[in-house]
Structures are given as structure tokens and as C-alpha cells.
Q: 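This is the structure I have questions about; it appears just below.
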Amino acid sequence: MCGIVGTWGTPDAALTGRLLDSIAHRGPDGHGDDRRPRGVVGHRRLAIMDPEGGAQPIPNDAGSMVVCANGEIYNFPALRREIGATRRWRTGSDSEAILHLFESHDTEATKKLRGMYAFAILGDDRLVLARDPIGIKPLYLGVGPGSDGTPVLAFSSELTGLCEWAREVREFPPGYVFDSRSGFRRF
């Protein structure tokens, strides 16, 4: 099943940790997080693809960004062949294809993905979220006070943790990408 969570606006590791704990049942095979100057992402894993080496978040070669994803990329084998040797593959996970596509195509990468997914890409000064066009994989957004009292945008694969904390919660719309630099856009 897997699950993703995160915060943006301030690196609120405490809040992200609570959100990650609230979805523990989604990923009994492991968890991880990545902290950047403006945000934190976390992942709960149900190991299906690359059980030994596919832990998330997955970093790019430069370490400048990571991906956390929930879902399945159906055209992963074709994407891996297309991307091929232009990128260093760290895992056998289909989620890594999202990261490499993003490196090459930025938010237009969503147009090449076939599958059911919700993902987060976090860099030092940017957060990108996307959800599959049909909305098979869940993703929710919330806004509320961070641990230091400043407003924080948070996301999660489930409502539970967000509803206990946020002043405002809404479903992330299917077929949209959110870029912290430019807002929401349908793809």
C-alpha cells in the first residue's frame, strides 16, 4: 500500500514524524524521511518492487532532490529503457523513474507517467506534488500551525493525521501537479 507525508514552508520534522506515525499501517516494511531547509518528506513502505534496495526517499545523483511515491508506474520498464544510461539507477523501484523523468522534463514528467500514483519531490527550495489523473492513489493537503507556530502546508496519503492537526484539509485533485514555485496546474 505505501504512504507519503510531508511538510512545506518550514522544515517541521516533528510534525512530519507525527504524520508518518499516523500512517504506519500503510508500510510495515520500512520508513524513511528527508529533511531540507524548507521542508521534510517521509515514506512508509510496503516492499513490492525491489524489496532489498527500493527504500524511499530516493535521492538523485547530485543529492539535490528526493522522491517519495505511493503507487505503481505501469510503463516503468519502457521509461527505464528510454532514460537508460543518461541517469544512474540506484534501485529497481518504479518510483525512481519519476525522479529521473522530473530531472529531464520538470513538471511535464507527469505527462509521460502511466499508472496510479501520488508523489512528492523535495529539493532545498522546491516541493512538487502530483496525483494520477483518475485519483486512484490518495493524497490530502492541510494547512495549520507548525511546531514553531508558523503556518505550514502538509500532505499525507491519509486524512487521519492531517485532521487531528490542520485548520483546513482538502483532497489533492486528481490529474494535477502542485509546484511550490507556481501553484497548481492540471496535466
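Note that this is a predicted model, so its numbers are computed, not measured.
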Q: Would you name the heavy atoms of Ala97 and Phe76 that are closest together and state the gap between them?
A: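 The answer is CB-CD1, 3.9 Å.
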Q: Treating Ile, Leu, Val, Met, Phe, Trp and Tyr as nodes and any side-chain heavy-atom pair under 4.5 angstrom as an edge, say whether Phe119 and Val66 lie in one connected cluster.
A: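 In one cluster with Phe119: Val66, no.
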Q: Hey, is Glu96 close enough to Arg88 for a salt bridge, meaning N to O under 4.0 Å?
A: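 Result for this pair is no, no salt bridge flagged.
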Q: With rounding to the nearest 0.5 angstrom, report the CZ to OH distance, Arg170 to Tyr140.
A: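 So the gap between those two atoms works out to 13.5 Å.
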Q: When you measure from the side chain of Ser180 to the backbone N and O of Leu127, does any donor-acceptor pair fall under 3.5 Å?
A: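 Here the side-chain-to-backbone pair exists.
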Q: Is a side-chain donor or acceptor of Asp12 paired with a backbone partner of Ser147 at a separation under 3.5 angstrom?
A: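 Answer holds: yes.
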Q: Working to the nearest 0.5 angstrom, can you tell me the gap between His31 NE2 and Arg44 CZ?
A: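 The distance works out to 5.0 Å.
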Q: What distance separates Ile58 CD1 from Thr91 OG1, expressed to the nearest 0.5 Å?
A: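 Atom-to-atom, Ile58:CD1 and Thr91:OG1 are 4.0 Å apart.
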Q: When you check the gap from the basic side-chain N to the acidic O, do Asp106 and Arg126 get nearer than 4.0 Å?
A: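 Yes, this pair counts.
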Q: Show the nearest heavy-atom pair for residues Pro59 and Arg90, with the distance to one decimal.
A: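 Where Pro59 meets Arg90 most closely, the heavy atoms are O-NE, 3.1 Å.
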Q: Scan for salt bridge (Lys or Arg N to Asp or Glu O under 4.0 Å) pairs involving residues 146-161, sequence neighbours excluded, and state none if there are none.
A: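 Checked against salt bridge (Lys or Arg N to Asp or Glu O under 4.0 Å) - neighbours excluded - the pairs reaching residues 146-161 are Arg26-Glu158.
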Q: If you apply the rule side chain to side chain contact (heavy atoms under 4.5 Å, CB included), what do you find for Lys111 with His105, and how did you get there?
A: CA-CA 9 Å; Lys111 293 179 179 178; His105 302 286; over 6 Å; no
Q: Going only through I, L, V, M, F, W and Y residues with side-chain contacts under 4.5 Å, is there a path from Val143 to Leu122?
A: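 Hydrophobic grouping puts Val143 with Leu122.
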Q: Tell me, do Arg167 and Pro145 make a side-chain contact under 4.5 Å, heavy atoms counted?
A: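 Yes, side chains in contact.
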Q: Please name the pair of heavy atoms, one in Ala130 and one in Thr110, separated by the smallest distance, quoted to 0.1 Å.
A: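 Here Ala130 and Thr110 meet closest at CB-CG2, 3.9 Å.
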Q: So do Val128 and Phe102 actually touch side chain to side chain, heavy atoms under 4.5 Å?
A: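 Phe102 vs Val128: side chains touch.
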Q: Measure the spacing between CD1 of Ile4 and CG of Leu129 and express it to the nearest 0.5 Å.
A: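 Taking CD1 in Ile4 and CG in Leu129, the distance rounds to 6.5 Å.
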Q: Search all heavy atoms of Gly3 against all heavy atoms of Ser157 and return the closest pair with its distance.
A: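 Taking every non-hydrogen atom into account, CA-OG, 3.4 Å.
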Q: Are the side chain of Asn75 and the backbone N or O of Arg114 linked by a donor-acceptor pair below 3.5 Å?
A: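 Here the side-chain-to-backbone pair exists.
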Q: Is Met65 linked to Val41 within one hydrophobic cluster, defined over Ile, Leu, Val, Met, Phe, Trp and Tyr using a side-chain heavy-atom separation of less than 4.5 Å?
A: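 In one cluster with Met65: Val41, no.
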Q: Assess whether salt bridge (Lys or Arg N to Asp or Glu O under 4.0 Å) is satisfied between Asp94 and Arg80, documenting all intermediate values.
A: CA-CA 9 Å; Asp94 57 340; Arg80 188 165 179 138; over 6 Å; no
Q: Same hydrophobic cluster for Trp165 and Leu159, using side-chain heavy-atom links shorter than 4.5 Å among ILVMFWY?
A: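 Yes; Leu159 is reachable from Trp165 via cluster members.
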Q: Using a 3.5 Å distance criterion without hydrogens, assess whether the side chain of Ser22 forms a donor-acceptor pair with backbone atoms of Leu19.
A: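 Yes; judged by distance alone, with no hydrogens or angles, the pair exists.
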Q: So, the side chain of Asp132 versus the backbone of Tyr117: is there a donor-acceptor pair under 3.5 Å, distance only?
A: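 Yes, because the side chain of Asp132 sits within donor-acceptor range (under 3.5 Å) of the backbone of Tyr117.
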Q: Taking atom types as modelled, is there a side-chain donor on Ser104 or Arg87 under 3.5 Å from an acceptor on the other?
A: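 There is such a pair between these side chains.
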Q: I want to know whether Phe184 and Phe172 have ring centres closer than 6.0 Å.
A: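 Between Phe184 and Phe172, the centre distance is under 6.0 Å.
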Q: Verify, without hydrogens or angle tests, whether Ser156 (side chain) and Val5 (backbone) share a donor-acceptor contact under 3.5 angstrom.
A: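 Absent.
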Q: Output the distance between atom OG1 (Thr10) and atom CG (Leu153), rounded to the nearest 0.5 Å.
A: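 CG of Leu153 is found 12.5 Å from OG1 of Thr10.
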Q: So, Gln56 side chain and Ala69 main chain: donor-acceptor pair closer than 3.5 Å or not?
A: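 Yes.
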Q: Begin with the C-alpha distance, continue with both residues' side-chain angles, and end with the deciding distance and a verdict on side chain to side chain contact (heavy atoms under 4.5 Å, CB included) for Phe187 and Leu113.
A: CA-CA 11 Å; Phe187 64 87; Leu113 295 173; over 6 Å; no
Q: Please test Trp8 against Arg38 for side chain to side chain contact (heavy atoms under 4.5 Å, CB included), starting from the C-alpha separation and ending with a verdict.
A: CA-CA 6 Å; Trp8 179 254; Arg38 297 195 57 207; 3.5 Å; yes
Q: Could you tell me the separation between the CD1 atom of Ile98 and the OG atom of Ser93, rounded to the nearest 0.5 Å?
A: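 So the CD1 of Ile98 and the OG of Ser93 are separated by 8.0 Å.
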Q: Where do Pro57 and Cys68 come nearest, in terms of heavy atoms and distance?
A: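 Looking at all heavy atoms of both residues, the shortest contact is CG-SG, 3.5 Å.
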Q: Where is the tightest heavy-atom contact between Leu20 and Gly42, given as atom of each residue plus distance?
A: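 Shortest heavy-atom separation between Leu20 and Gly42 comes out as CD1-C, 3.7 Å.
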Q: For the hydrophobic clusters of this structure (ILVMFWY residues joined by side-chain heavy atoms under 4.5 Å, transitively), does one cluster hold both Ile121 and Trp89?
A: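 Both belong to a single hydrophobic cluster.
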Q: Could you please spell out the steps behind the side chain to side chain contact (heavy atoms under 4.5 Å, CB included) verdict for Leu162 and Thr160?
A: CA-CA 6 Å; Leu162 288 176; Thr160 308; over 6 Å; no
Q: For Leu99, is there any backbone N or O sitting under 3.5 Å from a side-chain donor or acceptor partner on Asn60?
A: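 No; zero donor-acceptor contacts below 3.5 Å.
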